[in-house]
Amino acid sequence: QVQLVESGGGVVQPGGSLKLSCVGSGTIYKVNNMAWYRQALGKQRELVARIYGDGGTNYADSVKDRFTISKGPAKNTIHLQMNSLKSEDTAVYFCAANLVQEEYGYAGDHWGQGTQVTVSS
C-alpha cells in the first residue's frame, strides 16, 4: 500500500502565498514522478505541476512564474510554493505519484485525499 498525505491548504487573500506539502509512504521501490493536480468546483481535475526523478519540471500555463514545485529533503516528499494567488486558484489540490512498488513491478498512479485552497478577500 502507498499513502500520499497532503498538508498546507487553507484560506488566503488574493495576492497571498501558501505552501503545500505531500509525503509519500508505504511500499515504494522507485518514484518516477510526483505531481500536483487541482479540481475546482464543477470543473475537471487539471495538472498544476509535475516533477521528475531527475528534477525536471513542467507547469500549467496558468501557474507559470507564480508556483514552484520542489522535492525533499525527505524522501518521497514534494512541495508546491504558491505565490500571487488569485481567486481562480481556489480548488482542492491533490498530490499524485507515478511509482513502482517492487523491483520488476509495473508503475502505477497513486493519489492523496486532497487539501482545500481557498483564495478570497
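Because only heavy atoms are used, hydrogens play no part in the values below, and waters and symmetry mates are left out as well, while side chains stay in.
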>> Enumerate the ring pair (Phe, Tyr, Trp, His ring centres under 6.0 Å) contacts for residues 26-56, please, sequence neighbours excluded, ordered by first and then second residue.
In response: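 Those involving residues 26-56 are Y37-W111.
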
> Which pairs with one or both residues in residues 57-86 pass ring pair (Phe, Tyr, Trp, His ring centres under 6.0 Å), sequence neighbours excluded?
Replying inline: none

Value rounded to 0.5 Å, distance of [atom1] in [X] from [atom2] in [Y]:
{"X": "I78", "Y": "L20", "atom1": "CD1", "atom2": "CG", "result": "9.0 Å"}
{"X": "L18", "Y": "Q81", "atom1": "CG", "atom2": "CD", "result": "8.5 Å"}
{"X": "K19", "Y": "M82", "atom1": "NZ", "atom2": "CE", "result": "11.5 Å"}
{"X": "R38", "Y": "D89", "atom1": "CZ", "atom2": "CG", "result": "5.0 Å"}
{"X": "N58", "Y": "I69", "atom1": "CG", "atom2": "CD1", "result": "8.5 Å"}

>> Run D61 and K64 through salt bridge (charged side-chain N to carboxylate O under 4.0 Å, His left out) and show every step you take.
In response: CA-CA 5 Å; D61 287 342; K64 275 181 186 176; 3.2 Å; yes

Minimum heavy-atom separation for [X] and [Y], please, with both atom names.
{"X": "P14", "Y": "S121", "answer": "CD-N, 3.7 Å"}
{"X": "S84", "Y": "R66", "answer": "O-NH1, 2.9 Å"}
{"X": "C22", "Y": "M34", "answer": "SG-CE, 4.1 Å"}
{"X": "N33", "Y": "R50", "answer": "OD1-NE, 3.1 Å"}
{"X": "L47", "Y": "A35", "answer": "CD1-CB, 3.9 Å"}
{"X": "L85", "Y": "V12", "answer": "CD1-CG1, 3.5 Å"}

Can you give the donor-acceptor pairs under 3.5 Å from side chains of residues 94-106 to other protein atoms, not counting sequence neighbours?
{"unit_1": "N98", "atom_1": "OD1", "unit_2": "N32", "atom_2": "ND2", "d": "2.9"}
{"unit_1": "N98", "atom_1": "ND2", "unit_2": "D109", "atom_2": "OD1", "d": "2.8"}
{"unit_1": "Q101", "atom_1": "NE2", "unit_2": "T27", "atom_2": "O", "d": "3.2"}

Is a donor on one side and an acceptor on the other found under 3.5 Å between the side chain of [X] and the backbone of [Y]?
{"X": "T77", "Y": "K75", "result": "yes"}
{"X": "E6", "Y": "G114", "result": "yes"}
{"X": "T90", "Y": "V119", "result": "yes"}

> In terms of hydrophobic clustering (I, L, V, M, F, W, Y; side-chain heavy atoms under 4.5 Å; direct or indirect links), are V31 and V5 co-clustered?
Replying inline: no

> Counting only heavy atoms not in E88, do more than 12 sit closer than 6.0 Å to its CD atom?
Replying inline: yes

>> If you count every heavy atom of other residues, nucleotides or ligands that lies below 6.0 Å from Q116 atom CD, does the total exceed 12?
In response: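 Above 12, so yes.
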
